[in-house]
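Let me begin by presenting the structure, written as structure tokens, before commenting on it.
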Amino acid sequence: MNMEKKALESLLSIAESIYNQLKNGEIPEIKISTRTKYNIEFNEESEVWVYGDRTSTRTAKTLKGAYMMLRMAYVMGFIKDQLRINKSSTLRELYYISENWGLAKFDDQSDSDRLIEDLEILTAFQREHFHIRPEEDGATVIGPVRIREETRRGVREIHCQEDVGEGGYQIPVNVDKLEFVDHDAKFVIAIETGGMRDRLVENGFDEKFDAIIVHLKGQPARSTRRLLKRLNTELNLPVVVFTDGDPWSYRIYASVAYGSIKSAHLSEYLATPSAMFVGIRPTDIVKYKLPSDKLTEQDIKALNAILTDPRFDTDFWKTEVKLQLDLKKKSEQQALAKYGLDYVTDVYLPERLTELGVLKA
Amino acid sequence: MSSEHKEISIAEFFEKNKHILGYSNPSKALITCVREAVDNSLDACEEAGILPDILVKITKVSENTFRIVVEDNGPGIDREHVPRVFGKLLYGSRFHAIKQSRGQQGIGISSAVLYAQITTGKPAVVTSKVEGGKAYRFEIMIDTKKNEPEILREEDVEWYSPHGTRIELEVRGSYVRERKQSVLEYLKETSVVNPHAKITFISPDGEVFEFDRVSDVPPEPPKEIKPHPHGIEIGTLMAMLKTTKARDLKNFLKSEFVRVGDKISEEILQKAGLSPDLTPSQLTREDAERLVNAFRETDLLPPPIDCLSPIGSQLIMKSLMQEYSPEFVYAVTRKPKVHSGHPFLVEAGIAYGGSLKEDKVSVLRFANKIPLLYQQSGCALTQAIVSVNWKNYGLQQSKSELPVAPMVILVHVASTNVPYVSESKEAVATVPEIIDEAKLALQECGRKLKEYLDRKVSIQKKKKKEEELMRILPLLAEKISEVVEKEMVDPEKVIARIMGKVYVSRAVNGNKAVVEISNFSNSRKRLRIYEMCDGGINGNRTAKWDVEINPGETERIEYEFSGRHVNSRPLVEGIEKELVAGAEVVNYEYGEEST
């Protein structure tokens, strides 16, 4: 509760500053970190990408700024009330609640989500501390790890292989409330697509290689990323990320490993800098002669954007992305099925994981 | 065979071919009769420098017969000229003169008389009076075989008017209401391009329409000029050679043409290979042709332009303003140009929005100040309008069509020789020079319209933004005060700062008060502040201070008072209400000296 109290104090200090500016007859303004890839920098200490010094000023002089501040005032009032009566709500609920706010109502949930992120950046607290939850998207874990979870029905201990069905253990919203009891795992493999996750589960990959399989479900939710970070730092398990071979998948990897641009203020909490990229790589398309699709215009644009993204400023990524632009091709994880359903678990992954040093030769 | 060949007079010819002169159907015929009479009146007044005051009255005689009366305050017509002016076709004072005039061929009014005579058998009744003389009345018909006037009756009459002419005609026709092609529309458009004229119209329904003059200055009457060598036809030249008084060719060129002096006439003759000493009347057809070719090869100054009488952009704007009450009006008068040796100039004007509501553009076409009501699509002036890309100026337009906007577009071409498509003066022929000039004039109007529309949009945007900010900021102040649980903060000063206003506030502490005036605008402001206390300020019930304050600065007035303030907010004077926040604006007399 202490955290919540501090978070609220921090939040109210922002309100205080707007109030004082109004009182002094000054046009209220708020400085906030610029949220673009040009304003993230590598933090040597934590090895993740965080916001730099660039800020932009929102001022009530413009309509956009005035609306932002008005909505912020309403959201702050809402959070204040919510914390006082110890309730919580989801991002989506908050968006619907704003329906009653007249002029302060949000036009789109992305606007309210963004405002909550702004408040996180401004206060250096997380939305969980404001009791604002995401919509749980039910990412899952399967593997040799036993966890202890506080549930509404009391404390439960769950073994993520023995006590769960094929679907695996569903990651809760607040991962910080989990406790790792014991484990037999050697590494963690995070997988982008459901089809590939099921393939690995069906082939018994988790048992055969003592792996914890985490389903990312596309761009991973915060709780999923937080879980990966905890498995990595608390259990000292290497984390590998297995995705499709296209620019959107590389961004999924980047958000796991380096932190995302949208929530760079949380990178130190969410990112796993040591996470390794297993594939699919553009070189794999050539090496394994994978079935492929043509790059779309958006793909090409995204690849070019990656070339200027500081998070991808390594020889590995430059070479791979340029190769892909030359190939004009992309491949999915499941393209490996060309060589049979077991190829990925019997050949591709062992080969690659050995290369990466995760499996001993 | 030969027995069937016989000479027909012009009057007879017209009798059989009424459509050529604009009498093709009953409604058009009625308009044409009115038009011929009104054009004559306007021309006569213009030449005499009189501000026209014209009465047009149409009464219904039977189902398809109407009586037309057109009365003017013009100079009147000499008694001996009256029969021929009204009773003979191709009789006129203007046919040979090179200057801008409404009538050109001398057919106009006599054709109306003939039309009346053919359709109703009634004579024209003409009353006229020259200043200082007596009024006389004629009843005239036309002997169509001879094309000569036939006077049925002639008498002296009493007439209240000091001078003027009145014509009465009874014609077969049809009166249409509220149509683009109607007597009313013709008179309305006529008044637009003749802002110095007052026209009163009494319709067959007894309604009275008054078109007042917006200018009290009669237009400068156009001057007559001699022909310009460019554009003269060989036949005309040969006729001139026959009748000239000049004894040799060089003098002929110098005296009969404009823009030809010693040097130029020698140059022309050298190019034509003709001797300057030749006697003009002895030149052959071949000589004349060489002369015309030499004209073409010689660079000449364009004809002088005082033979033209434009309306003027200012008057066009005024007229459009008066007639249509638009929100925006603009007009252009181009410099004169030449087509086939004839000087011409184009004027264009647009009226936009305001009481013009319908999104249908009305086109007003004029030639020598005559409204052109028919053949809109076949007219060079319309072609010029549709050839302009109005999308550039913020209007909607389909290709090769009129733009879509609540707008009136006026185009006027003035020339010593308007190239009409036909004798009935319904449309201007597609002469490239005229179309180009009209297009340039319209484009200039379009640019001004765009500027206006852009400004309007940006002002509206700014106003909308301000209104919205004014709603948001008080809400922000209210909510933020609630969140921090402090007293309600007044956002007025911040609003004043954002909106660039002058903000006045008063803070009271015991028996001392401080009035602060902050100038958030971007110009220096002078104003006067009043404060009133029931117990007095520095000994008086009311105190005032004059303040001058630069942009961005704050002035402070401190004073002691007793009792309570009578005015809840400081009173200010000498500044517009919209520019002040936090104070009441009052107006005594201070505003007059502050500029």
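Just the heavy atoms: all of them, side chains too, but no hydrogens, waters or symmetry mates, feed the values below. Quick note on labels: first sequence line is chain A, next is B, and so on, each numbered from 1.
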N/O donor to acceptor pairs below 3.5 angstrom from side-chain atoms of residues 487-500 of chain B, sequence neighbours left out:
{"unit_1": "B/E487", "atom_1": "OE2", "unit_2": "A/K23", "atom_2": "NZ", "d": "3.2"}
{"unit_1": "B/D490", "atom_1": "OD1", "unit_2": "B/E492", "atom_2": "N", "d": "3.0"}
{"unit_1": "B/E492", "atom_1": "OE1", "unit_2": "B/R569", "atom_2": "NH2", "d": "2.7"}
{"unit_1": "B/E492", "atom_1": "OE2", "unit_2": "B/R569", "atom_2": "NH2", "d": "3.3"}
{"unit_1": "B/E492", "atom_1": "OE2", "unit_2": "B/G582", "atom_2": "N", "d": "3.3"}
{"unit_1": "B/R497", "atom_1": "NE", "unit_2": "A/G25", "atom_2": "O", "d": "2.7"}
{"unit_1": "B/R497", "atom_1": "NH2", "unit_2": "A/G25", "atom_2": "O", "d": "3.1"}

What closest approach, in Å, do [X] and [Y] show between heavy atoms, and which atom pair accounts for it?
X      : Y      : result
A/L12  : B/V484 : O-CG1, 4.4 Å
A/A15  : B/V483 : CB-CG1, 3.9 Å
B/L469 : A/A60  : CD2-O, 3.4 Å

Contacts of residues 459-468 of chain B with chain A (heavy atom under 4.5 Å):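 Under the 4.5 Å heavy-atom cut-off, B/K465, B/E468 qualify.
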Looking at [atom1] of [X] and [atom2] of [Y], how far apart are the two atoms once the value is rounded to the nearest 0.5 Å?
X      : Y      : atom1 : atom2 : answer
A/L70  : B/R471 : CG    : CZ    : 11.0 Å
A/M76  : B/K479 : CE    : NZ    : 10.0 Å
B/L476 : A/M68  : CG    : CE    : 11.5 Å

Pairs of heavy atoms under 4.5 Å with chain B: top-ranked of A/I18, A/N24, A/T59: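 Option with the top pair count is A/I18.
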Per-residue contacts, residues 50-58 of chain A versus chain B, heavy atoms under 4.5 Å: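 Not one residue of residues 50-58 of chain A has a heavy atom under 4.5 Å from chain B.
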Among B/E482, B/E478, B/K486, residue most engaged with chain A (heavy-atom pairs, under 4.5 Å):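 That would be B/K486.
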Ring pair (Phe, Tyr, Trp, His ring centres under 6.0 Å) contacts touching residues 80-118 of chain A (sequence neighbours left out):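 Counting only pairs at least two positions apart or across chains, the ring pair (Phe, Tyr, Trp, His ring centres under 6.0 Å) contacts touching residues 80-118 of chain A are A/Y74-A/W101.
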